[in-house]
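Side chains included, hydrogens not; waters and symmetry mates left out as well; all remaining heavy atoms used.
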Amino acid sequence: MRVVRNIAGQAVAEIDRAAARWLRSLRQPEEIRVRDVALLRSMVLVASVASVALPIALSFLLPISIALPVGATAVVSLFLCVVAATFAFTRRPAPTAAPASSEDLIFDVCPGLSLMLDSRGVVTKCGGRDRSAFPPSLQDASGQRLAELVHVSDRITLVHALDTLRQGADSASATVRLQGVYCASQGRQFLHVRLEMSALRREDGELACVFAQLRDISTEEALRDEATARISEAHSAHEAKSRFLAAVSHELRTPLNAILGFSDVLAGEYFGRLETDRQKEYVGLIRQSGAHLLSLVNTMLDMSKIESGRYQLIAEPFVIGEAVEACRAMLDLQARNKGVTLTSRTAKGLGEVNADRRAVKQILINLAGNAIKFTENGGVVTIDAASNGGDFVLTISDTGIGIPADKLALIGQPFMQVQDDYARQYEGTGLGLSLVKGLVALHGGSFHIESSAGEGTVVTVTLPADGAGIVDVAEEPNDPMVEFPPRLLKTTRTTMKDEQDIGNDDAAKAKIA
């Protein structure tokens, strides 16, 4: 009995497999295929029984040789007709998915994460091309309030943007943070997200819903933070350098004043005559070296004040021709000792100008001193002053060695020199032109230089004649940190002079912060 059941089970299984293959070839859906397999199984079993019973029944009426083929043929024909009729009248077309609307397609292909919010800020629909890149809490946030999904510190920003839409705005944006996937090594992570929201309104103008698009800007935020940190570091380094120069300059001037003073006493033989000419020569060298070093310190101090924004110009009316002549007379001995002819020319009608007298003299002395230094014996250096509309123009020209074209663009940078190797023939630090450019910029003027190697150099400085371009030094905010050297806040326009300024120019009125 068990053998018969096994054979019957195997036969039914074979019938089911054959029916399933046939229905699969007809592309029958899976849910309908199971039902049709059961129906075919029943039909095959009925046909099998009929294929035995009908020939036996016909054998009583017809000869056995005729009853068997006629009965089998009749059963097979009837089976095929029943199957065809059953599938023709009972088979229903396979259900097809409703085509997605164009709005849904656009919603799903939008970059980032797309959300549809109601007027209260509750998420009603989620989608977007990059939906899987966002935290799981946002991938299916339907029914949740969006404000509860962002960082607690950014909720006010988000609520304010939504309120802007409720008040009639068509769009609003906000930058918020979303809680990301927890990382064991880095702890709690947050995504920086740019949220762009557009209002969808009813016919009466009331807010119906809000379309929100979220874009991950974590990379941009990281780059922005890094750039901010680098800028802060650069400012700090620049400030530290300027303060260091100012501190060193102030500390060097005290011993230099003593060196210059005592060398003057020794050179004047106030406390006894010097025994030999070599002693006098050495004292003169000490005085000359000290004066050179003091000039360098003063230049460094002025540069540090210009770069840190503490160099204040005091504008006053003065005759520019007198300033030009005073500078020529100051440098005339240096030019004659080198065999260079120094001349000055002032255009007729060029009277008073409104500028910082000390700064203008410093510009002329630095430019003319450079011209003399780089002009060989027999050369000519000329200082010209003229007017051009509302400006006065200072031109210093020479017939010296000139500047190569490849270094002309670098001239004016701090510590930049035409000869910057160890075998250079001319002393100096390369701060002169940099200081000149800074003083010209504080006056609101322009600096231009033309030169050719071996043919000389022409430097043109243009400054406003009425002093309108002078930059005012703004009051600096209170700083709780103790700084060295200390900053002096601007209170009144009290003029201050140090000893070297008085020695260099009795009429100077420069305020040194």
Side-chain angles (χ1 to χ4, degrees), residues 150-154 156-157 173-180 183-195 215-253 296-313 406-417 420 428-444 447 470-490 511-513:
V150 304
H151 192 276
V152 63
S153 301
D154 300 328
I156 295 179
T157 302
S173 61
T175 301
V176 298
R177 287 166 291 175
L178 302 176
Q179 182 175 335
C183 179
S185 60
Q186 300 180 356
R188 192 178 302 277
Q189 300 295 310
F190 291 96
L191 296 179
H192 291 268
V193 174
R194 184 67 176 174
L195 182 62
R215 299 293 301 273
D216 186 0
I217 59 172
S218 300
T219 304
E220 291 83 347
E221 285 293 328
L223 293 176
R224 187 179 293 106
D225 293 341
E226 183 180 358
T228 302
R230 295 290 178 87
I231 292 174
S232 178
E233 291 176 1
H235 287 170
S236 299
H238 184 76
E239 183 74 8
K241 182 259 297 181
S242 298
R243 295 184 183 281
F244 172 76
L245 288 177
V248 170
S249 300
H250 279 292
E251 291 299 324
L252 289 177
R253 292 177 71 162
L296 171 61
V297 170
N298 288 334
T299 303
M300 292 175 62
L301 180 61
D302 288 338
M303 282 298 303
S304 66
K305 286 187 290 186
I306 290 176
E307 291 182 349
S308 61
R310 299 187 187 91
Y311 194 108
Q312 184 179 5
L313 300 180
D406 58 338
K407 292 189 176 182
L408 189 60
L410 303 177
I411 292 298
Q413 298 181 7
F415 304 104
M416 179 61 197
Q417 295 176 315
D420 53 2
T429 60
L431 288 174
L433 285 181
S434 180
L435 177 60
V436 168
K437 293 183 70 174
L439 294 175
V440 171
L442 290 179
H443 277 87
F447 176 91
I470 292 180
V471 178
D472 191 15
V473 179
E475 292 188 8
E476 299 190 21
N478 295 328
D479 195 339
M481 299 179 61
V482 178
E483 301 175 335
F484 182 82
R487 299 186 181 187
L488 300 180
L489 296 178
K490 173 186 172 186
K511 175 182 177 182
I512 300 179

Of the non-hydrogen atoms in [X] and [Y], which two are nearest, and what is the gap between them?
X	Y	value
Arg177	Ser153	NH2-CB, 3.5 Å
Asp216	His192	OD1-O, 3.2 Å
Val193	Leu178	CG2-CD1, 3.4 Å
Phe447	Val436	CE1-CG1, 3.8 Å

Considering only NZ, NE, NH1 and NH2 on the basic side and carboxylate oxygens on the acidic side, decide whether Glu226 and Arg230 come within less than 4.0 Å.
-> yes

Once you round to the nearest 0.5 Å, how far does CZ of Arg215 lie from CG of Leu191?
-> 13.5 Å

Can you tell me if Ser232 uses its side chain to pair, donor with acceptor, with the backbone of Thr228 under 3.5 Å?
-> no

Other residues, nucleotides, ligands: >12 heavy atoms within 6.0 Å of Ile156 CD1 = no

